[in-house]
Amino acid sequence: MKQLPALIDGKPVETTAEVPVEDPSTGEVMAVTADCGPGEIDLAVTAAQTAAASWRRTAVADRARLLRRMSALIERDLDSLGRLEAQQTGKPLRQGLRDAEITVRYFDFYASAVETFYGNSFPLNDTTSVQTMWEPHGVTAHIIPWNYPMQILGRSVAPSLAMGNCVVLKPAEEAPLTALKLAELALEAGFPPGAFNVVPGYGESAGAALTAHPGIGHISFTGSVEVGKIISHAAADLLVPVIMELGGKSPNLVFADADLDRAVPVIVNSILQNGGQTCSAGSRLLVHESIHDDLVARIAEHFRGVRVGPALGDPDLGPLISGPQRDRVVSFVSESGRGGDLLTGGEPLTGGGYGNGYFYAPTLIDNVTPDQRIFHEEVFGPVLAVTTFATHDEAVELANGTDYGLVTGVWTTNVSTAQRMIRDIKAGQVFVNTYGASGGVELPFGGFKQSGYGREKGAEGLRGFAQVKTAIIAS
Ligand code: ADP
């Protein structure tokens with residue numbers, strides 16, 4: 001198989017070592033990429049530094065024009081990019097296409113957002129005026145996970161380039177293919193060589209070399225808490241700012257007065273989308289005791305009717321990303337002392353049409369209590385844990401009862417209940433009578449507690465990729 005090279009300074013760069021990329025629907029190797037080491041990382045950072053020296057001086061209107069061109073090219077290639085995203089991650093085809101559409105929107109959105117992203121000016125006193133202005137960091141390092149490769153690229157690369165930074169991006173070893181395509185599109189759009197470099201490779205080698213390189217000025221990381229801590233240490237050694245978008249154990253809270261017809265399909269989607277491999281997955285269901293039986297029965301019915309299959313057949317639920325990820329889900333659900341009552345699923349799907357893909361059945365576990373691992377640890381699989389509450393206080397306590405604080409869904413028709421939950425819940429996003437797993441280009445996103453710090457998405461997302469300079473001018 002011909003190696004897909006890194007893209008550094010606008011040129012393909014091959015390496016002797018390679019990374020095989022599996023199709024999780026079949027377990028077969030679908031591509032091999034370069035495996036970058038410190039040498040390639042150094043080349044990429046140096047190229048980005050050189051490009052950044054002139055890119056930061058490029059007029060905002062010209063930067064925005066290139067972002068819009070990039071957006072148009074992604075739209076032109078939407079079908080092939082969406083297909084490739086679906087195939088390499090195992091997500092249903094329509095979700096891969098949706099992810100490509102959202103990536104189109106990120107480049108468009110940040111083209112517009114940066115054009116009205118002004119500093120301030122104010123008189124300090126009679127003879128002194130002050131100007132604040134936003135300046136880029138220089139080279140931004142992006143460490144990307146495998147669950148939403150294009151979306152997460154879009155939400156960090158688009159604002160970074162818009163602000164005048166240049167980018168070195170290490171995609172996840174499991175799903176690096178669309179990032180390589182997007183870097184080619186950036187060249188076609190007319191971005192200077194070196195503005196957007198992609199260095200595939202493993203986390204412990206390529207990722208570690210990138211986050212330790214003294215030429216970078218900023219890190220944006222999306223992934224696990226464990227690796228987030230390693231990267232926070234690397235950022236501390238370099239003294240560069242870092243955005244940490246980590247995990248979650250996000251709940252949907254369903255109150256007695258909720259509209260269940262509306263809630264059920266959204267709750268189901270919030271955990272089954274992307275096989276539950278979404279940092280903002282709705283992996284806990286907290287339900288008022290008076291409606292517990294009805295709600296759980298409806299969700300179980302949905303789970304039993306889910307079509308599971310290969311990504312490109314556009315099922316409701318595709319495979320998990322890899323063998324190790326499926327093993328992790330298996331061990332979580334089957335561990336002795338797991339607690340709760342298994343209502344649906346609870347096992348991998350093998351044989352027959354499933355072949356050697358990494359399929360796992362939609363799994364509903366009822367009567368979960370806060371002392372159980374399944375209540376507070378992230379599974380990253382299609383596994384929903386149900387817990388009941390009796391009072392509003394108890395609902396808040398359960399919602400806030402994990403180390404995470406990424407997203408919460410509140411289902412109620414009572415505006416006071418909704419307001420109270422918005423006030424009391426410790427999470428970066430609170431949805432009322434809706435729930436957005438992924439997407440949400442306009443919505444500032446990021447975690448409280450162990451879910452991370454810093455915000456991406458929305459106009460707020462530009463700030464993370466810039467620093468304020470204050471000029472004080474005395475007459
Ligand atoms: P996930 O649980 O989604 O696989 P990880 O945190 O393991 O999340 O990986 C997210 C990204 O971090 C991937 O691109 C991976 O290669 C990278 N990574 C893993 N270990 C390191 C490390 N020590 N230094 C830098 N990047 C790493």
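For the residue pair S451 and G248, the shortest heavy atom distance occurs at OG-CA, 4.1 Å. Listed here is the closest heavy atom pair of Y360 and T363: CE2-OG1, 3.2 Å. Closest of all the heavy-atom pairs between A141 and I216 is CB-CD1, 3.9 Å. For V383 against V379, the heavy-atom pair with the smallest separation is CG2-CG1, 4.2 Å. Minimum heavy-atom separation, A311 to A86: CB-O, 3.4 Å. Contact detail for A175 and W146: the closest heavy-atom pair is CB-CB, 3.9 Å.
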Mind running salt bridge (charged side-chain N to carboxylate O under 4.0 Å, His left out) on E173 and K170 for me, showing each step along the way? CA-CA 9 Å; E173 48 271 46; K170 198 211 73 73; 3.4 Å; yes
Can L272 and F303 be said to form a side-chain contact (heavy atoms from CB on, under 4.5 Å), step by step? CA-CA 9 Å; L272 296 190; F303 274 25; 4.0 Å; yes
Evaluate the criterion side-chain contact (heavy atoms from CB on, under 4.5 Å) for residue pair N356 and T26; output intermediate values, then yes/no. CA-CA 5 Å; N356 294 320; T26 62; over 6 Å; no
Please walk me through it: do V13 and L7 pass side-chain contact (heavy atoms from CB on, under 4.5 Å)? CA-CA 6 Å; V13 174; L7 208 81; over 6 Å; no
Please lay out, stage by stage, how E101 and L78 fare under the test side-chain contact (heavy atoms from CB on, under 4.5 Å). CA-CA 7 Å; E101 282 167 9; L78 198 86; 3.9 Å; yes
Please test R155 against T222 for side chain to side chain donor-acceptor pair (under 3.5 Å), starting from the C-alpha separation and ending with a verdict. CA-CA 11 Å; R155 80 182 189 205; T222 304; 3.1 Å; yes
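Look at R338 and E335 and you find no salt bridge, because none of the NZ, NE, NH1 or NH2 atoms lies under 4.0 Å from a carboxylate O. Between K249 and E378 there is no salt bridge, since no side-chain N of the basic residue sits under 4.0 Å from a carboxylate O of the acidic one. We find that R455 and E245 are not joined by a salt bridge, their nearest charged nitrogen and carboxylate oxygen being 4.0 Å or further apart. Under the 4.0 Å criterion applied to side-chain N and carboxylate O atoms, K181 and E188 are not assigned as salt-bridge partners.
Looking only at atom types and distance, the side chain of T278 has no donor-acceptor partner in the side chain of N147 under 3.5 Å away. Side-chain contact, E18 with Q3: a donor N or O sits under 3.5 Å from an acceptor N or O. Side-chain N/O atoms of S160 and T140 include a donor and acceptor closer than 3.5 Å. R105 and S71 are not linked by any side-chain donor-acceptor pair at a separation below 3.5 angstrom, with hydrogens and angles left out of the test. Defined by atom type and a distance below 3.5 Å, a donor-acceptor pair is missing between the side-chain atoms of T211 and H213. Between E456 and S156, the side chains place no donor N or O within less than 3.5 Å of an acceptor N or O (distance only, hydrogens not considered). For the residue pair E40 and T15, no side-chain donor N or O sits within less than 3.5 Å of a side-chain acceptor on the partner.
Atom-to-atom distance recorded for I365:CD1 and L285:CG is 12.5 Å, nearest 0.5 angstrom. Atom CG of residue D314 and atom CZ of residue R307 lie 6.5 Å apart, to the nearest 0.5 angstrom. The distance from atom CG of L169 to atom CG of L182, rounded to the nearest 0.5 Å, is 9.5 Å. With rounding to the nearest 0.5 angstrom, the OG atom of S283 is 11.5 Å from the CD atom of E377. Note that CD1 of I41 and OG1 of T46 are 11.0 Å apart. Values are rounded to the nearest 0.5 Å. Rounding to the nearest 0.5 Å places CG of D99 at 12.0 Å from CZ of R94.
You'll find the ring centres of H218 and F465 inside the 6.0 Å limit. Aromatic pair Y118/W134: centroids not less than 6.0 angstrom apart.
No side-chain donor-acceptor contact under 3.5 Å links W55 to the backbone of C166. Proximity of a side-chain donor or acceptor of E174 to a complementary backbone N or O of E22 within less than 3.5 Å is not detected. In this structure a side-chain-to-backbone donor-acceptor pair under 3.5 Å is present from S250 to V407. K2 contributes no side-chain N or O that, together with a main-chain N or O of V32, makes up a donor-acceptor pair within less than 3.5 Å. Between the side chain of N252 and the backbone N or O of G282, no donor-acceptor pair lies under 3.5 Å. Between the R284 side chain and the L398 main chain, a donor and an acceptor come within less than 3.5 Å of each other. Checking side-chain atoms of D77 against main-chain N and O of S80 turns up no donor-acceptor pair under 3.5 Å. A donor-acceptor pair is defined here as one N or O able to donate and one able to accept, closer than 3.5 Å; such a pair exists between the side chain of D23 and the backbone of S25. The main-chain N or O of P92 is never found under 3.5 Å from a side-chain atom of Q95 such that the two would form a donor-acceptor pair. For the pair Y110 (side chain) and G458 (backbone), a donor-acceptor distance under 3.5 Å is present.
The closest side-chain heavy-atom distance from P444 to K457 is not below 4.5 Å. Taking 4.5 Å as the limit, some side-chain heavy atom of F445 sits within range of a side-chain heavy atom of C279. Two residues are said to be in side-chain contact when any heavy atoms from C-beta on lie closer than 4.5 Å; S121 and V130 fail this criterion. You'll find the side chain of I243 stays beyond 4.5 Å of the side chain of F221, heavy atoms only. Between N197 and V167, the closest side-chain pair of non-hydrogen atoms is not below 4.5 Å. Two residues are said to be in side-chain contact when any heavy atoms from C-beta on lie closer than 4.5 Å; L185 and I74 meet this criterion. Side-chain contact check for I219 versus I231: some heavy-atom pair is nearer than 4.5 Å. When side chains are defined from C-beta on, L443 does not count as touching E460, because their heavy atoms never get closer than 4.5 Å.
Because its NZ or CZ atom is not both nearer than 6.0 Å to the ring centre of F448 and within 45° of the ring axis, K426 does not count as a cation-pi partner of that residue. Geometric assessment of R326 against the ring of F359 yields a negative cation-pi assignment under the 6.0 Å and 45° thresholds. Both tests hold for K91 against Y148: distance to the six-membered ring centre under 6.0 Å, angle to the ring axis within 45°. Because its NZ or CZ atom is not both nearer than 6.0 Å to the ring centre of F380 and within 45° of the ring axis, R328 does not count as a cation-pi partner of that residue.
The number of heavy atoms from other shown groups lying within 6.0 Å of CG (D42) is above 12. Atom CZ of R63 sits in a crowded spot, with more than 12 heavy atoms from other residues, nucleotides or ligands closer than 6.0 Å.
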